[in-house]
Amino acid sequence: MSYKAKFKVWRGEGGEGKLEDFTIEVNEGEVVLDIIHRLQATQAPDLAVRWNCKAGKCGSCSMEINGKPRLGCMTRMSTFSEDETITVTPMRTFPVIKDLVTDVSYNYEKAREVPSFTPPEGVRPGEYRMQQVDVQRGQEFRKCIECFMCNNVCHVIRDHEENKPAFSGPRFFIRIAELDMHPYDVAPDRKETAQGEHGLGYCNITKCCTEVCPEHIKITDNAIIPMKERVVDTKYDPLVWLGNKIFKRSK
Amino acid sequence: MTQTTPDPVRRQRAQVKVRTLRTDRWWLAPLLTFLGLSSFLVYGVWAILDTSYFVDPYIAPFSSPCLATSCPEGARFLGWAPFGDWYTLPPGLLILGLPGGFRLTCYYYRKSYYRSFWLSPAACAVQEPHGKYTGETRFPLIVQNVHRYFFYFAILIGGVLTYDAILALIHKPIGLGTWILVLNAVLILGYTFGCHSCRHITAGRLNHFSRHPVRYRAWTFVSKLNARHQQLAWASMFSVMGADLYVRLVAKGIIAFPFA
Ligand code: SF4
Ligand code: SF4
Ligand code: FES
Ligand code: FES
């Protein structure tokens with residue numbers, strides 16, 4: 001059961017480019033990445049696409065399909081009707097290298113700004129004793145495959161390039177939450193830096209990161225909002241905050 | 001270590017000159033939210049100014065607790081009128097700010113009105129119309145952080161509505177209005193205890209669940225409600241409107257069948 005599908009694929013380098021039209025064969029059981037590969041093999045040998053596992057586990061094939069961030073290898077062609085034109089573009093928040101391949105350096109730079117796990121002094125690896133209930137919240141966040149679609153869809157940087165220096169994005173809010181909730185992490189100031197350096201306050205909890213996460217991590221409910229509440233504990237308890245304001249002003 | 005591209009190499013995003021390439025009906029959800037929240041606001045203004053809020057044993061939720069001397073005897077909360085007789089405005093105005101502030105600063109309602117009223121963003125991967133964005137980093141939106149204080153007051157309001165429902169329950173014979181008030185109280189409590197601040201306070205702020213088994217159990221329960229917070233927000237909003245309207249219609253004599 002194969003048919004000819006209409007595709008529009010964004011092609012170009014370094015930002016300049018346009019949507020190109022293709023008509024291409026689709027067979028039963030295929031995913032969008034298969035069709036991109038068929039385009040490469042038959043009509044556009046220089047079409048660039050990043051992929052690796054074809055199993056939704058490496059996070060390489062992030063792209064935007066009909067305007068929505070998706071993994072190319074996990075988006076079944078059967079979810080589209082046969083007469084639909086399918087538009088494929090690279091992720092829109094990161095600079096383009098070529099065609100569907102973007103430069104995701106932003107995410108690696110932000111990753112480095114999160115101090116790594118810091119155990120208490122004198123406790124050596126192998127000596128940690130933790131109950132399952134104490135680590136299970138963090139385990140949800142370990143499912144992340146670093147596809148960066150959450151950072152890509154987040155309007156804070158997607159629509160406002162100028163916010164990039166001040167904002168690390170949902171991918172790193174789950175990382176910070178994981179560490180801050182860890183029973184053996186003693187790094188100081190994770191809450192302060194979450195709000196300061198990493199820009200937690202920019203997030204207006206509109207949940208697009210949660211909507212696109214292919215691992216179904218409840219990014220907003222289980223990481224961002226709990227971190228906002230923890231920041232309130234240390235920073236915005238309104239009574240303390242008001243006191244500080246009045247105190248500063250009267251000085 | 002991961003490789004990153006040194007500046008200044010390619011810094012340009014893919015240029016596509018449309019607001020979104022989405023082909024589904026992404027505008028439907030914000031539109032329905034806009035209509036739902038607007039109708040609640042319009043109804044609320046009318047209800048607060050409306051004076052037929054009491055018909056023994058029912059009191060309309062928008063006007064409860066009734067704390068002024070102008071409230072009819074039976075409507076006064078615990079027979080109490082701390083506001084005395086100088087207060088002649090509608091009694092609903094006295095307490096409006098508490099449930100109002102609770103919902104206004106609720107994490108779910110924030111999402112819903114940021115999306116549907118402020119279009120920031122209207123839907124995912126749809127470009128927002130604003131040139132500048134600072135989110136909740138500065139005044140006025142930074143004030144959203146007071147949410148947990150409204151939560152404490154919301155427990156009181158939830159308690160009052162439960163008390164109203166129980167008062168109606170012990171009144172014989174039990175009418176339809178009683179069950180409406182009971183259902184409303186249950187939904188309001190479900191919404192209130194599913195609050196993210198409540199989840200944080202029970203045990204979310206701890207890193208060692210195993211050392212606090214009771215708080216952990218509470219957190220587990222709150223987390224279950226919390227996962228349904230959006231649904232409970234809508235359900236309790238419509239139930240409070242419905243219950244309020246029902247009581248007022250009975251009070252006005254518009255609904256007048258036996259066991260009303
Ligand atoms: S919930 Fe916050 S972090 Fe997630 S996409 Fe929305 S604004 Fe960005
Ligand atoms: S949190 Fe989800 S969407 Fe974000 S990078 Fe990880 S897997 Fe991708
Ligand atoms: S190719 Fe690995 S996630 Fe798609
Ligand atoms: S009531 Fe919705 S988060 Fe608190």
Side-chain angles (χ1 to χ4, degrees), chain A residues 10 12-17 19 64 66-69 84 87 89-90 92-97 102-103 105 108-109 111 130-131 133-134 153 155-156 158-161 163 180-183 185 199 201-208 211-212 220-221 225-226 228-233 235-236 238, chain B residues 1-6 9-16 18 20-24 26 107-108 110-111 114-115 118 120-121 123-128 130-138 141-143 145-149 196-197 199-201 204-211 216 226-227 229:
Chain A
W10 193 91
E13 274 181 59
E16 303 300 319
L19 291 168
E64 299 196 7
N66 280 351
K68 284 191 190 174
E84 200 171 341
T87 309
T89 68
R92 304 273 300 278
T93 304
F94 310 121
V96 158
I97 296 173
T102 51
D103 176 357
S105 300
Y108 297 126
E109 284 154 19
M130 291 174 279
Q131 307 266 333
V133 291
D134 294 336
V153 81
H155 69 120
V156 175
R158 185 183 178 94
D159 297 341
H160 304 277
E161 175 76 25
N163 286 339
D180 198 54
M181 292 171 184
H182 195 293
D185 181 76
Y202 281 86
C203 164
N204 67 353
I205 48 169
T206 35
K207 287 201 175 171
C208 289
E211 261 179 48
V212 302
T220 323
D221 284 353
I225 295 176
K228 281 194 176 235
E229 285 291 318
R230 285 174 176 227
V231 169
V232 173
D233 275 350
K235 236 177 127 107
Y236 296 120
Chain B
M1 194 154 150
T2 47
Q3 297 282 309
T4 58
T5 322
V9 193
R10 306 169 209 94
R11 281 286 162 233
Q12 256 230 315
R13 309 169 177 213
Q15 304 296 303
V16 181
V18 287
T20 183
L21 287 168
R22 280 180 68 164
T23 52
D24 55 344
W26 56 264
Y107 286 96
Y108 169 68
R110 271 144 77 181
K111 171 195 169 197
Y114 287 146
R115 280 199 186 200
W118 195 240
S120 176
C124 304
V126 175
Q127 198 186 352
E128 60 178 14
H130 311 285
K132 206 168 159 289
Y133 175 88
T134 54
E136 300 183 339
T137 55
R138 58 185 67 174
L141 292 183
I142 199 168
V143 178
N145 287 312
V146 303
H147 181 59
R148 70 174 59 163
Y149 289 80
H196 284 278
S197 293
R199 191 172 181 229
H200 174 75
I201 292 159
R205 62 200 307 277
L206 305 174
N207 289 347
H208 288 272
F209 284 166
S210 57
R211 289 190 200 151
Y216 175 63
N226 182 264
H229 197 53

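Remember, it's a predicted structure, so these values are computed and weren't measured experimentally. All chains are named by letter (A, B, ...) in the order of the sequence lines, taking the proteins before the strands, and each is independently numbered beginning at 1.
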Under 4.5 Å, counting heavy-atom pairs only, tell me which of [options] racks up the most with chain B.
options	value
A:Leu19, A:Val156, A:Thr89	A:Val156
A:Met130, A:Glu84, A:Glu161, A:His155	A:His155
A:Gly199, A:Pro69, A:Pro226, A:Cys203	A:Cys203
A:Asp180, A:Thr93, A:Asn163, A:Thr220	A:Thr93

Contact part of [X] toward chain B, heavy-atom cut-off under 4.5 Å: side chain, backbone, both or neither?
X	value
A:Asp185	neither
A:Thr102	neither
A:Tyr202	both
A:Pro90	side chain
A:Glu13	neither
A:Thr206	both
A:Gln131	side chain

Give me the atom names and distance for the closest heavy-atom approach of [X] to [Y].
X	Y	value
A:Trp10	B:Gln15	NE1-O, 3.2 Å
B:Ser210	A:Asp134	OG-OD2, 2.6 Å
B:Arg22	B:Cys124	NH1-O, 2.8 Å

So which part of [X] gets closer than 4.5 Å to some heavy atom of chain A, the side chain, the backbone, both or neither?
X	answer
B:Tyr216	side chain
B:Val16	both
B:Arg199	side chain

[Y]/[X] salt bridge by N-O under 4.0 Å criterion:
X	Y	answer
A:Glu211	A:Lys68	no
B:Arg205	A:Glu229	no
A:Glu64	A:Arg158	yes

Strictly by modelled atom types, are [X] and [Y] linked by a side-chain donor-acceptor pair under 3.5 Å?
X	Y	value
A:Asp159	B:His130	no
B:Asn145	B:Glu136	no
B:Glu128	B:Tyr114	no

Chain A interface, residue from [options] that has the most non-hydrogen pairs under 4.5 Å:
options	result
B:Leu206, B:Leu141, B:Thr20	B:Leu206
B:Arg115, B:Lys132, B:Arg211, B:His229	B:Arg115
B:Ser197, B:Ala123, B:Ala227	B:Ser197

Please identify each residue that fulfils ring-ring contact (aromatic ring centres under 6.0 Å, His included) with B:Tyr107, with sequence neighbours left out.
B:His147, B:His196
ring-ring contact (aromatic ring centres under 6.0 Å, His included) involving B:His200 - partner list, sequence neighbours excluded
none
